[in-house]
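Here the structure is laid out as structure tokens; the discussion comes afterwards.
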Amino acid sequence: MSRYFTTPIYYVNDRPHIGHLYTTLVTDTLTRFHRLQGEDVRFLTGTDEHGQKIEKVAKKEGVAPIDVADRHAPTFRDLWKRFEVANDDFIRTTEPRHRVGVTELIRRLEAAGDLYVAGHEGWYCVGCEAFYPEKDLEDGKCPTHGTPPEWQKEENVFFRLSKYQEPLLALYEKGSVPGIPFVFPETRLNEVRSFVAAGLKDLSVSRTAIQWGIPFPGHPGHVVYVWLDALTNYLTALGLGSGDESLVSRYWPAGDERRVVHLVGKDILRFHAVYWPAFLMSAGLPLPTQVVSHGFWLKDARKMSKSVGNVVRPDALVDAFGVDALRWHLVSEMSFGQDASFSDEAFLVRYNSDLANGLGNTLSRAVRMAADAFGGKTPSERCDDNEVKRAAEAAVAAWDAAFRSCRLHEAAEAVRVLLGAIDGYITAKEPWKKVKAEGVTPALHRVHHNALEGLRVAACLLAPIAPGAAAEVLARLGAPKAAEAIGPSDLAWGGLPLGAPLAPAAPLFPRADAKAYFAEPSKEKPVTEETKPAAPAAAPIPPEAPAASPAPVPAPAATPAAPAETPRITVDDFFKADLRVAEIVAAEKVEKSKKLMKMTVRIGEEERTIVAGIATAYTGDQLVGRKVVVVANLLPAKLMGIESNGMVLAASLPGTGEPSLLAVDPSVPSGTKVK
RNA sequence: GGCGAUGUAGCUCAGUCGGUAGAGCGGGGGUCUCAUAAGCCCUGUGUCGGCGGUUCGAGUCCGCCCAUCGCCA
């Protein structure tokens, strides 16, 4: 069975962020899983380099578009290298092989009679590279970019997409391979189906307003529409139209023996699940097996956006905790297919519980005890009937099933369960007591063998997700093997060499001190693009906030950073915060919370709820009637399930961090602006 | 507005053919000590979004409503 996995090709105008990284890492994890099973796997990623945005940047800089592309493509390539992404090929749409393939595909569409020329004019957004009907504009501007569109007239080449409505619906019904839904997850398949069922219009597939693209064969002055260009990369990388199509026949499916899976973010699902199969049908080419769509990472439960400045770039976390820790976190934290929230706090909690306490500590105790007992060697007796073996076999089965049904987080869960079983086994057998009471017995050998052998299997299961860590664990167990060299036979019980060298080593994943990590000013906002918190909405978690806190606590923070270390802001930055005088009209302590106080405040005519961590210093009675200063335009945050809409200002007393509310002269009317 | 989902413990989620709810993490308390302040033990009275219906019995089926999200218009 051959398997061909692809990521989307990434537009080089964009700096890579966690979204690109996630798609690529998930694909890498899946390909590593299938390689480990001994299958013939190919993994493609690359960059999309044509289009108006690049053209404009180039013009602005006075350079050729290819120079812009050449400058940015390596940032993706290098990032994948850093994250141990093992792609077989990296395609750039500016490469000759791509142009050749796209030209060949278009020749086939033409031959099928599916291309025709028609006039077209309308409002055109440069950012979207798309026309908008008048009614879709907001105040005459592009709804996505908020920029004024240009009125453009074009004579375009059209593709008879409408012709493929019924064949596409049949595809969604039956799948390209029986039994495998064409789109994963099901809810996305429903979306695509209803989109197509609503009726398909023919698609404009050429552009005349742009020069930076692939010349449209037979239509001088036209370049190929971005998606017809980009999607085709999956085939041009295999050599479509090159004269040597051996890779096409090896990986592009024409039967049960080949599987093609496109991984995509949900935002570009339609292009992959509608346009792409339609192009292929027209060209008389086989269809991919499945389009797998994953959710988005949100930052602290909010959409990531450049304007909010909360785009996650996890460089600092990777610097501090390693590539494998991030890979593990991304795979296990997101329920695959759904959206998930990324936060540094959640990362540290998971790092400590799964990697430091779980994998790392279990490895440490097992290796140290065995090395001490057997003079720096692995046990010399094996054991083929015990609960660790049964746990390992169950874990392999669960892990296998999880990967095969795209439930990546459950594959990670299987590893955690196995590690827990090994840890529990060690605890139950108490080998540290046995060795004191009975000395080194055959039974002691067997106990240690089981623990170490269980860890060896766990490391193999970990390999697709965190290959570096997996290889390191194997090396420490005295069973060294590169992650890429692990094969199906390694999943079977009994691979640990007997009497092999074994030496304790420094902690694999040293426990992280969350408090210390966040207390360091340079690391307060390590993963976001903006380094200066411009508005309170983007304020970092206060250093003393509990690690489990779900959102920034809008409470006075005892920031240890000296004033001199705080970056200067402009007055404009300051005025982003809407400070108002408010009167507290009700206040009660949040049950189950030590320090949270739920208050109703009146700002002018408006009443709203604010939750703040001041219950250690004030009772509800002391607060009611009091006038305070609040940040009125803070994004809402949920604290202990209560939505808080603002932040009460208070001083943080030195040492204890105890809050002391800012006093306002009682005569100042509620709602008054503070500046 | 149309279509589709989702709403279960502080967080992330399981709950198969309907029999009055579970796991991991986090929190709190205790304890051992081989191990990375790790391990182990104890600790959850949750209106299973709301209302109504079917049923001997509903988180689980049906209807309506509310909230959130996605796709489309």
Side-chain angles (χ1 to χ4, degrees), chain A residues 133 135-136 143 183 185-200 265-267 269-270 273-274 293 295-296 298 300-301 303 329 332-343 345-373 407 409-410 412-417 419-420 422-436 444 447-448 451 455 504-515 546-551 590-596 636 638-643:
Chain A
K135 64 186 167 62
D136 284 358
V183 174
E186 197 183 352
T187 172
R188 302 274 164 235
L189 178 63
N190 291 341
E191 278 178 16
V192 170
R193 185 191 284 123
S194 62
F195 173 79
V196 172
L200 291 174
K266 61 184 183 179
D267 53 332
L269 176 61
R270 190 207 302 172
V274 181
S293 150
F296 289 154
L298 313 176
D300 295 327
K303 263 188 184 162
H329 183 261
S332 43
E333 181 79 359
M334 181 178 269
S335 203
F336 191 78
Q338 296 179 260
D339 288 352
S341 201
F342 190 97
S343 76
E345 294 71 37
F347 176 91
L348 287 184
V349 165
R350 183 175 286 287
Y351 173 88
N352 276 336
S353 72
D354 291 353
L355 297 179
N357 302 352
L359 174 60
N361 183 58
T362 306
L363 180 71
S364 276
R365 69 193 303 208
V367 168
R368 184 172 302 269
M369 270 192 290
D372 286 352
R407 298 189 308 257
H409 55 293
E410 289 186 17
E413 175 65 14
V415 179
R416 286 171 39 170
V417 169
L419 288 166
I422 297 163
D423 213 19
Y425 176 79
I426 295 172
T427 302
K429 293 291 178 186
E430 301 185 315
W432 60 93
K433 286 188 184 168
K434 276 205 173 79
V435 74
K436 280 181 198 155
L444 189 75
V447 167
H448 284 302
L455 279 162
L508 180 58
F509 291 107
R511 201 182 150 74
D513 184 339
K515 265 189 186 169
S549 179
V590 177
E591 274 187 68
K592 294 184 185 174
S593 163
K594 271 190 189 167
K595 48 195 240 181
L596 292 185
K638 271 205 174 168
L639 299 159
M640 301 290 282
I642 306 165
E643 185 170 292

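Not measured: the values here are computed from a predicted model. In the text below, chain A, chain B and the rest are named by the order of the sequence lines, each starting its count at 1. Side-chain atoms are counted along with the backbone in the values below, which use heavy atoms only and exclude waters and symmetry mates.
Looking at heavy-atom distances under 4.0 Å, A:A198 makes no contact with the nucleic acid at all. Residue A:R188 is in sugar-phosphate contact alone, with no base atom involved, counting any heavy-atom pair closer than 4.0 Å across all strands shown. At the heavy-atom level, A:D423 lies under 4.0 Å from the strands shown only through sugar-phosphate atoms. Within the nucleic acid shown, A:S364 comes within 4.0 Å of at least one base atom, counting heavy atoms only. A:K429 comes within 4.0 angstrom of no nucleic acid atom, judged by non-hydrogen atoms across all strands.
Here, B:U6 and B:U60 have their C1' atoms 16 Å apart, quoted to the whole Å. Nucleotides B:U43 and B:G10 are separated by 15 Å at their C1' atoms, to the nearest Å. Straight-line distance between the C1' atoms of B:G1 and B:C62: roughly 26 Å, to the nearest whole Å. Distance check on atom C1': B:G29 versus B:G63 gives 48 Å, rounded to whole Å. With both ends at atom C1', the span from B:G26 to B:U12 equals 11 Å, rounded to whole Å. Remark: the separation of the C1' atoms in B:G46 and B:U31 is 29 Å, to the nearest Å. With both ends at atom C1', the span from B:A58 to B:G53 equals 11 Å, rounded to whole Å. When the C1' atom is compared between B:G39 and B:G44, the two are found 23 Å apart, to the nearest whole Å.
For A:N357, whose side chain is taken as the heavy atoms from C-beta onward, the closest listed nucleotide among B:C72, B:G39, B:G70 is B:G39. Checking B:C72, B:C13, B:G39 against the side-chain heavy atoms of A:F195 singles out B:C72 as nearest. For A:E191, counting side-chain heavy atoms from C-beta on, the closest listed nucleotide (B:G26, B:C34, B:C71) is B:C71. In this structure, of B:C3, B:C40, B:C13, it is B:C3 that holds the atom nearest to the side chain of A:S194. Each of B:G70, B:A5, B:C13 was ranked by its minimum atom distance to the side chain of A:T187; first place goes to B:A5. Considering only the side chain of A:W432, B:C34 comes nearest among B:C34, B:C25, B:U36. Across B:A5, B:G26, B:C71, the shortest atom-to-atom separation from the side chain of A:R270 is found for B:C71. Nearest nucleotide to the A:N361 side chain, out of B:C34, B:G4, B:U36: B:U36. Counting only heavy atoms from C-beta on, A:T427 has its side chain closest to B:G39 among B:G26, B:G39, B:C34.
The distance from atom CZ of A:R193 to atom C1' of B:C71 is 13 Å, rounded to the nearest whole Å. Atom CG in A:L200 sits roughly 12 Å away from atom P in B:C72 (whole-Å rounding). Distance, A:E430 CD to B:C32 C1': 9 Å, rounded to whole Å. We find that CD1 of A:I426 is positioned 14 Å from C1' of B:U36, with the value rounded to whole Å. For the pair A:K266 NZ and B:C72 P, the interatomic distance rounds to 12 Å; values are reported in whole Å. Atom pair A:Y425:OH and B:A35:P shows a separation of 19 Å (rounding to whole Å applied). Atom CG of A:L419 and atom P of B:A35 are 19 Å apart (whole Å). One can place CG of A:L269 at 13 Å from C1' of B:C72, the figure rounded to the nearest angstrom.
Between the CD atom in A:E410 and the OG atom in A:S332 there is a gap of 12.5 Å [rounded to 0.5 Å]. From A:L359, atom CG reaches atom CZ of A:R416 across 12.5 Å, with rounding to the nearest 0.5 Å. Considering CG of A:D423 and CZ of A:R365, their distance stands at 4.5 Å, rounded to 0.5 Å. Rounding to the nearest 0.5 angstrom, the gap separating the CD atom in A:E333 from the CZ atom in A:F342 is 8.5 Å.
In this structure, the side chain of A:N361 does not engage the main chain of A:A356 through any donor-acceptor pair within 3.5 Å. Panel note: side chain A:K266, backbone A:R188; no donor-acceptor pair is recorded below 3.5 Å.
Base-pair partner of B:C40: B:G30 (Watson-Crick or G-U wobble, both distances under 3.5 Å). Searching all strands for a Watson-Crick or G-U wobble partner of B:G10 with both distances below 3.5 Å returns B:C25. B:U45 makes up no base pair with any nucleotide shown, lacking Watson-Crick or G-U wobble contacts both under 3.5 Å. Across every strand in view, B:G52 sits in a pair with B:C62 that passes the Watson-Crick or G-U test at under 3.5 angstrom. Nucleotide B:G2 forms a Watson-Crick or G-U wobble pair with B:C71, both donor-acceptor distances falling under 3.5 Å.
Of the residues in residues 505-513 of chain A, A:P507, A:L508, A:F509, A:P510, A:R511 come within less than 4.0 Å of RNA chain B through at least one heavy atom, sorted by number.
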Check against side-chain contact (heavy atoms from CB on, under 4.5 Å), A:V183 and A:E191: CA-CA 10 Å; A:V183 174; A:E191 278 178 16; over 6 Å; no
From CA spacing to verdict: side-chain contact (heavy atoms from CB on, under 4.5 Å), A:D354, A:F509: CA-CA 10 Å; A:D354 291 353; A:F509 291 107; over 6 Å; no
Check against side-chain contact (heavy atoms from CB on, under 4.5 Å), A:D372 and A:V435: CA-CA 10 Å; A:D372 286 352; A:V435 74; over 6 Å; no
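Remark on RNA chain B: of its neighbouring residues A:L363 and A:G358, the 5'-side contact belongs to A:L363, judged by nearest-heavy-atom nucleotide.
A close approach under 4.0 Å does occur between a side-chain nitrogen or oxygen of A:R368 and OP1 or OP2 of B:U36.
Within 6.0 Å of CD on A:E430 lie more than 12 heavy atoms contributed by other residues, nucleotides or ligands.
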